[in-house]
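Written below as structure tokens is the structure these notes are about.
No experiment lies behind these values; they were computed from the predicted model shown. In the text below, chain A, chain B and the rest are named by the order of the sequence lines, each starting its count at 1.
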Number of protein chains: 2
Amino acid sequence: MKKLRLRCEVSASEEEALRAVLQGPFDHQAEQVIVRRGERLNSSILLLEGLLARYKDLSDGQRQITHIHVPGDFADLHGYTLGYLDHNLITLTPCRIARAPHTGLLAITNRFPHLTRAFWFSTNLDASIHREWEVSLGRRKAIERAAHLLCELQSRLLVVGAAEGDSFRLPITQNQFAECLGLTGVHVNRVLRELREAGLADFRGGRVTIHDRPGLEGLAEFDPLYLYLDRPAN
Amino acid sequence: MKKLRLRCEVSASEEEALRAVLQGPFDHQAEQVIVRRGERLNSSILLLEGLLARYKDLSDGQRQITHIHVPGDFADLHGYTLGYLDHNLITLTPCRIARAPHTGLLAITNRFPHLTRAFWFSTNLDASIHREWEVSLGRRKAIERAAHLLCELQSRLLVVGAAEGDSFRLPITQNQFAECLGLTGVHVNRVLRELREAGLADFRGGRVTIHDRPGLEGLAEFDPLYLYLDRPAN
DNA sequence: CGTATTCTTGACAACTTTCAATGCGGGTGG
DNA sequence: CCACCCGCATTGAAAGTTGTCAAGAATACG
């Protein structure tokens, strides 16, 4: 909740309204599909601890992860207006979540226009991250993609207090990382070695350590503007 | 306006409120940057005629288009909650637009929760399209990406009455098409020839004709679920 | 009618995938 | 306690897809 607050200035009465609506917490194991594509929804999920991912499968078994959620993210708030998701939602690690029933969200959106805009902002921020991933997937080379995602995750985790300076836990496999980047696990492995040998960053054993942030950002052409870290006043 | 209505059931009073807020229409030439990344916004753009694109530039001159807008789309409604855009907005063709000042949108969101949710839905639909593009860019081969985008555009244009059955105007260059697909113009050219020679679709002279929709959809693994064409009841 | 884009094609290069094999480490059962 | 397994990481070699470069053809436009 503190984490959610950081991104969207919320008044005491608004926070109370939201808190009243939330159910849980609930715990989930890793690798569990939490929401299935197309299934009708009646609540949305706030991630408290762990990592979630949005992904889609192709018929030949390939998978593309389209977003990684960090603690404080409303993972499928868009499901509230969409009714169902176009993608699956899976736990990458063991997770703790809270649920906001859509009836409760409806009540909030009818009574708290400002809080509604804060929610709306949150889904728009997700969309902005999707766009940056499109740029990576479409135009950046493998090593640049990897560097960019590491920069993004470090920035986002720092905001919610889940990074210790230039190091943070990222307990996912190289294959999962590859599924974010539109690459194969084999190639990601090579690229991570390159980053390590260049002294830029080290991702091993479920932990990332960034040794040369400027270098990594330069390689990735990382510009955090799209993360809207200077949250708007509205 | 009729087109907007098709995607979001809007009551008479809501429609009137929106109409009262809209300014314009304004006309723009092709290839004009309408909104620049990072610039503070005080109105959002409703596309009435023509095609707009969201894009980002890289330092080496590469460009990635992250979204194509068709008539009826609110092109930068997300700018209302975000304050500024993370991308540029450009006209691909001559365009006619209307503008919704954010002061007006603020008034609407304070008075019409249901219309607010309709707006919110609209930005969530954009995000869904971003996700599908991530899948294309990350996992589909060049010819599949091209086929998928043609299917998507045909579906979306059909909804707003801008497609004539299996044919529709798409007055953009192969290079611009390539910028959507994360490919080079040269390769798009080859891929379009393949689609033509396979009897699937023909994109030439600013017009697309789909000769074998099932074949094209099969090649692309196109599933329109992500377009939320069965709009939700809320 | 001439000029500038855009389209088209070929040959070659670069990047990433595929296939295959080996190493590593943690958990489990004997 | 230790051997065995199994998933994950790592590496090499070969193949495939897409990009780059270059040139000529077609088309649009003034």
Nearest non-hydrogen partners of B:Ser43 and B:Pro101, listed with the distance:
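Minimum heavy-atom contact is CB-CA, 3.6 Å.
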
Quick check on contacts: within residues 129-144 of chain B, what sits under 4.0 Å from DNA chain D by heavy-atom distance?
B:Lys141, B:Ala142

Spacing of [X] atom [atom1] relative to [N] atom [atom2], expressed in whole Å:
X	N	atom1	atom2	answer
A:Leu181	C:dT17	CG	C1'	15 Å
A:Asp60	D:dG16	CG	C1'	15 Å
B:Leu183	D:dT17	CG	C1'	10 Å
B:Arg196	C:dC7	CZ	P	11 Å
A:Asn175	D:dA9	CG	P	7 Å
B:Leu192	C:dT6	CG	P	16 Å
A:Glu194	D:dT10	CD	C1'	14 Å
B:Ile172	C:dT5	CD1	C1'	16 Å

Which is true for A:Gly206 with a 4.0 Å heavy-atom rule: it touches a base, it touches only sugar-phosphate, or it touches nothing?
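Contact class for A:Gly206: none.
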
Does [X] come within less than 4.0 Å of [Y], counting only side-chain N to carboxylate O?
X	Y	result
A:Arg131	B:Glu134	no
B:Lys56	B:Glu179	no
B:Glu197	B:Arg193	yes
A:Arg156	A:Asp73	yes
B:Arg99	B:Asp76	no
B:Arg139	B:Glu221	no

Under 4.0 Å from OP1 or OP2 of [N]: is there any side-chain N or O of [X] that close?
X	N	result
B:Arg193	C:dT9	yes
A:Asn189	D:dA9	no
B:Gln174	C:dT8	yes

For A:His130 and B:His67: C-alpha separation, side-chain torsions, deciding distance, then whether ring-ring contact (aromatic ring centres under 6.0 Å, His included) applies.
CA-CA 11 Å; A:His130 285 321; B:His67 195 91; over 10 Å; no

Donor + acceptor pair across side chains of B:Tyr80, B:Asn42 (<3.5 Å):
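Distance-only check fails for B:Tyr80 and B:Asn42.
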
With distance as the sole criterion, is a donor-acceptor pair present between the side chains of A:Thr91 and A:Gln29 under 3.5 Å?
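No donor-acceptor contact under 3.5 Å links the two side chains.
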
Walk me through it: do B:Tyr55 and B:Cys180 pass the test side-chain contact (heavy atoms from CB on, under 4.5 Å)?
CA-CA 9 Å; B:Tyr55 74 93; B:Cys180 298; over 6 Å; no

On the 0 to 90° scale, with breaks at 30° and 60°, tag the A:Phe222-A:His148 ring pair as parallel, tilted or perpendicular.
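A:Phe222 vs A:His148 ring planes: perpendicular.
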
Sub-3.5 Å pairs of nitrogen or oxygen atoms, protein against nucleotides 23-30 of chain D:
none

Tabulate atom names and distances for all N/O pairs under 3.5 angstrom spanning the protein and nucleotides 18-20 of chain C.
{"unit_1": "C:dT18", "atom_1": "O4", "unit_2": "A:Arg190", "atom_2": "NH2", "d": "2.8"}

